[in-house]
Amino acid sequence: MRKLNVKRKWSIIECGSKIWLFVQCPEDKAQCRFEGVACKQIKLGNGKTVTEEIEDSQVKVFVSSSTMTAEFTVEAGSADVNLLAKPKYNPLYGNPFTIEKI
């Protein structure tokens, strides 16, 4: 097992939105299914960091609100993983969220 740390960058953009983090997990620990994947659902507050234990195998991570969805695949390994979720201003597509490794 390793740790997944996901930080939501504080931003005025999407600050009023309820953002949810969905982390792929084994079926027996799943709270819900997101895009067909068994997941734990965690609220991701503006400017907050969430820490969750994940398997050493490949894991999918989703960030979602009522207006957008972003996906990131954490590669297999044993090292802890740090991710940053943030809105990216784009006048053509609104303010989509991005997830990047830090």
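Throughout, numbering of the chain's residues begins at 1 and tracks the sequence.
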Hey, is the main chain of Q41 close enough, under 3.5 Å, to the side chain of Q31 for a donor-acceptor pair?
yes
Shortest non-hydrogen contact from D56 to S78?
OD1-CA, 4.0 Å
What do the steps show when you test T49 against N5 for side-chain hydrogen bond (donor to acceptor under 3.5 Å, both in side chains), and what is the final call?
CA-CA 7 Å; T49 300; N5 299 303; over 6 Å; no
Does V61 belong to the same Ile/Leu/Val/Met/Phe/Trp/Tyr cluster as M68, with side-chain heavy atoms less than 4.5 Å apart forming each link?
yes
Side chains of L4 and V6, heavy atoms from C-beta outward: is any pair under 4.5 Å?
yes
Quick one, K60 with F72, criterion side chain to side chain contact (heavy atoms under 4.5 Å, CB included). Give me CA distance, side-chain angles, the key distance, then yes/no.
CA-CA 6 Å; K60 288 190 177 189; F72 187 87; over 6 Å; no
Looking at K3 and E52, is there a salt bridge between them, counting it only when a charged N and a carboxylate O are closer than 4.0 Å?
no
Are V59 and F62 joined in one hydrophobic group, where the rule is that I, L, V, M, F, W and Y side chains link up if heavy atoms are under 4.5 Å apart?
no
Do W20 and V23 belong together in a cluster built from hydrophobic side chains that touch within less than 4.5 Å?
no
Please evaluate residues E71 and E35 with respect to the criterion side chain to side chain contact (heavy atoms under 4.5 Å, CB included), reporting the C-alpha separation (whole Å), side-chain torsions for both, the decisive distance (0.1 Å), and the verdict.
CA-CA 10 Å; E71 180 180 338; E35 295 189 5; 4.0 Å; yes
Partner set under salt bridge (charged side-chain N to carboxylate O under 4.0 Å, His left out) for E100, not counting sequence neighbours:
K86
Residue pair K48 / K7, side-chain heavy-atom distance below 4.5 Å:
no
State whether the number of non-hydrogen atoms from other residues, nucleotides or ligands found under 6.0 Å of I12 atom CD1 is greater than 12.
no
Using ring centroids (six-membered ring only for Trp), state whether F34 and F22 fall under 6.0 Å.
yes
Ion pair R2/E53, N-O distance below 4.0 Å
no
Given the rule that I, L, V, M, F, W and Y join up when any side-chain heavy atoms are under 4.5 Å apart, are V74 and V50 in one cluster?
yes
Please identify each residue that fulfils salt bridge (charged side-chain N to carboxylate O under 4.0 Å, His left out) with E27, with sequence neighbours left out.
R33
Is there a side-chain contact between T69 and F97 (heavy atoms, below 4.5 Å)?
no
Honestly curious: do L84 and L21 fall in one hydrophobic cluster under the side-chain, below-4.5 Å linking rule?
no
Keeping R8 on the side-chain end and L44 on the backbone end, is there a donor-acceptor pair under 3.5 Å?
yes
